[in-house]
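First the proteins, then the strands, lettered A, B, ... as listed; each starts at 1. In this text, all values refer to a predicted model and were calculated from it rather than measured experimentally.
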Protein chains: 2
Amino acid sequence: MKLEILAKTDGRNLQKTIISKIRDHINLKNLEPGDKLPSERMLSEKFGVTRSNVRDAIQKLEFYGLLESKPQSGTFVANIGVIAMNGMIDDILRLEEPGFKSLVETRILLELKTVRLAALRRTDEDLKTMKEALEAYNQKVIAGEDAVQEDLLFHLAIAKASRNSTMNNFMLLITPKIITNFEKYHVCDKNLANQGIEEHIAIYEAIKSQDPKLAKQKMKDHFNVLYQYCYNIKKSS
Amino acid sequence: MKLEILAKTDGRNLQKTIISKIRDHINLKNLEPGDKLPSERMLSEKFGVTRSNVRDAIQKLEFYGLLESKPQSGTFVANIGVIAMNGMIDDILRLEEPGFKSLVETRILLELKTVRLAALRRTDEDLKTMKEALEAYNQKVIAGEDAVQEDLLFHLAIAKASRNSTMNNFMLLITPKIITNFEKYHVCDKNLANQGIEEHIAIYEAIKSQDPKLAKQKMKDHFNVLYQYCYNIKKSS
DNA sequence: CCTTTTAAATTGGTTAGCCAGTTTTAACAG
DNA sequence: CTGTTAAAACTGGCTAACCAATTTAAAAGG
């Protein structure tokens, strides 16, 4: 077990090492936006690692918009100067795994915004999707079954109706992680789920009547109950 | 040029096709959390694509927390039921590339929160980092040079001081894309940069004196100027 | 029939080599 | 010396073979 963890952190540290070496190279050679990096083969030889490792590191930096790979041509420094490049790579390297608290804070922030935007921008089709998710949730709760999935889908339907693909994407990223934590700490019990029905309906109605302020307030109420309960669980565990 | 775009969309569509086929398989076989997917080899044969393509698709679903690959063992359905799985994959497939407006909206939302959290949680070290970024910015502006990078680093320093790794990560993700758009539309002119000095100082002082409300207000002021200018640019272009 | 042991098959990950474009170099004509 | 052309070298992506760990099957022992 220990070894498995070590292996994983080893892989992580290897990637971080390669990323920092790429940064060093950029600094040493004073590469500016648009300049070409050495080929993956040369970098892998220079760093004493496999080409796959280099590719993975480059892919990560591409994901953060710092590099850009062009097929059959090369990898290029993105339209970002060396100063910002250094600062950002530094931040990326020091970025730690998000804890539960971090995820919850971000979720609340995002949802209080998406619900507002959804109230302003929702189409009739969005409304239909939300209503379906809402009714699926209610049905499960009334039947006394677990409704975590349906709850998730209702909230994601709101995110989609917000018509902001960045926030929608972020919601898709963090929600599953939160759900996993919820189930781990056994949040979302039956009685809480019953209360959730009314709260969801209130949110839905506010979005339907295109009242952003009310929608935000109802979402706030929803979270208040949920996370008060949640933090109690956390403290007692 | 047309062909290049076609090739890219082809690759994208291929991955989306594979992802939807994986979803279909999960539905058809009624796979539940913890169940094992067929091996990458079998899936690649079944779908008539290369193993690399299957791996990439699985990696993406892993990124969104829907699958989990264990070395020398197999790929497993994450702790998420079929209903949520279907909904999420559907959302992921329909997710569109974020536009400029989407990015700006999200940035404002995130920064109004991170600046508040930074005021509450900043350590003395955070404060030092922010001050350094601030002074680097001022120096460049006073010298009449472009200070986009230094501006970026100041805002990222705030994100780091917020002590929320999820928001910090999100900021790192969207900021470069916004910067690119800024430079494309030639936002951030000299006169605007001069005004930026005072606004940055006001934000910094509010964080220093641990006044979250004031910090948020000063950030709001900062954005007001910036994006009023920005939207004018957009409209005229 | 059940438990233990062992060997064969299967797995995700890794590696070396191949491919189709791109880029650089060199050859050559004017 | 310059502009054009062709060919050689280089590039990121892709393919197939390989690897070590794991899982399954079967064989052995009780």
All N/O contacts under 3.5 Å from nucleotides 8-12 of chain C to the protein, with atom names and distances to one decimal?
| unit_1 | atom_1 | unit_2 | atom_2 | d |
| --- | --- | --- | --- | --- |
| dT11(C) | OP2 | S39(B) | OG | 3.3 |
| dG12(C) | OP2 | E40(B) | N | 2.9 |
| dG12(C) | O4' | Q72(B) | N | 3.2 |
| dG12(C) | N7 | R41(B) | NH1 | 3.0 |
| dG12(C) | O6 | R41(B) | NH2 | 2.8 |
| dG12(C) | N2 | Q72(B) | NE2 | 2.7 |
| dG12(C) | N3 | Q72(B) | NE2 | 3.1 |

Donor-acceptor contacts under 3.5 Å from residues 170-177 of chain A side chains, at least two apart:
| unit_1 | atom_1 | unit_2 | atom_2 | d |
| --- | --- | --- | --- | --- |
| T175(A) | OG1 | M171(A) | O | 2.3 |

Mark yes when over 12 heavy atoms from residues, nucleotides or ligands other than E32(B) sit less than 6.0 Å from its CD; otherwise mark no.
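No, the 6.0 Å shell around CD holds no more than 12 heavy atoms from other groups.
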
Answer yes or no: are there more than 12 heavy-atom neighbours, outside E45(A) itself, under 6.0 Å from its atom CD?
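No - once you tally the heavy atoms of other residues, nucleotides and ligands closer than 6.0 Å, there are 12 at most.
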
Between T114(A) and S162(A): side-chain donor-acceptor atoms closer than 3.5 Å:
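Checked: T114(A)/S162(A) side chains show no N/O donor-acceptor pair below 3.5 Å.
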
Could you check how far [atom1] of [X] sits from [atom2] of [N], rounded to whole Å?
X	N	atom1	atom2	value
Q15(B)	dC14(D)	CD	P	11 Å
L43(B)	dG13(C)	CG	P	13 Å
Q59(B)	dG13(D)	CD	C1'	15 Å
E45(A)	dT11(D)	CD	C1'	15 Å

Can you list the residues that meet the salt bridge (Lys or Arg N to Asp or Glu O under 4.0 Å) rule with E96(B), with sequence neighbours excluded?
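With sequence neighbours excluded, E96(B) shows a salt bridge (Lys or Arg N to Asp or Glu O under 4.0 Å) to no residue whatsoever.
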
Ignoring hydrogens and geometry, is there a side-chain-to-backbone donor-acceptor pair from K140(B) to E145(B) under 3.5 Å?
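Absent.
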
Looking at E150(B) and Y137(B), would you say the former's side chain and the latter's main chain have a donor-acceptor pair under 3.5 Å?
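Checked: no pair found.
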
With V54(A) as reference, evaluate S39(A), P38(A), S44(A) under the side chain to side chain contact (heavy atoms under 4.5 Å, CB included) test and give the passing residue.
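For V54(A), the side chain to side chain contact (heavy atoms under 4.5 Å, CB included) check succeeds only for S44(A).
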
Below 4.0 angstrom, which residues in residues 23-31 of chain B have at least one non-hydrogen atom near DNA chain D?
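None, since no heavy atom is under 4.0 Å.
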
Inter-end axis angle, the helix from dC1(C)-dG30(D) to dG30(C)-dC1(D), with every axis fitted to five base pairs (rounded, 10 degrees)
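Computed from the C1' atoms at both ends, the axes differ by 30°.
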
Set of residues satisfying ring-ring contact (aromatic ring centres under 6.0 Å, His included) with respect to F76(A), sequence neighbours excluded:
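Once residues adjacent in sequence are excluded, F76(A) has no partner under the ring-ring contact (aromatic ring centres under 6.0 Å, His included) criterion.
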
Charged N-O contact under 4.0 Å between R121(A) and D126(A):
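Answer for the salt bridge query: no.
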
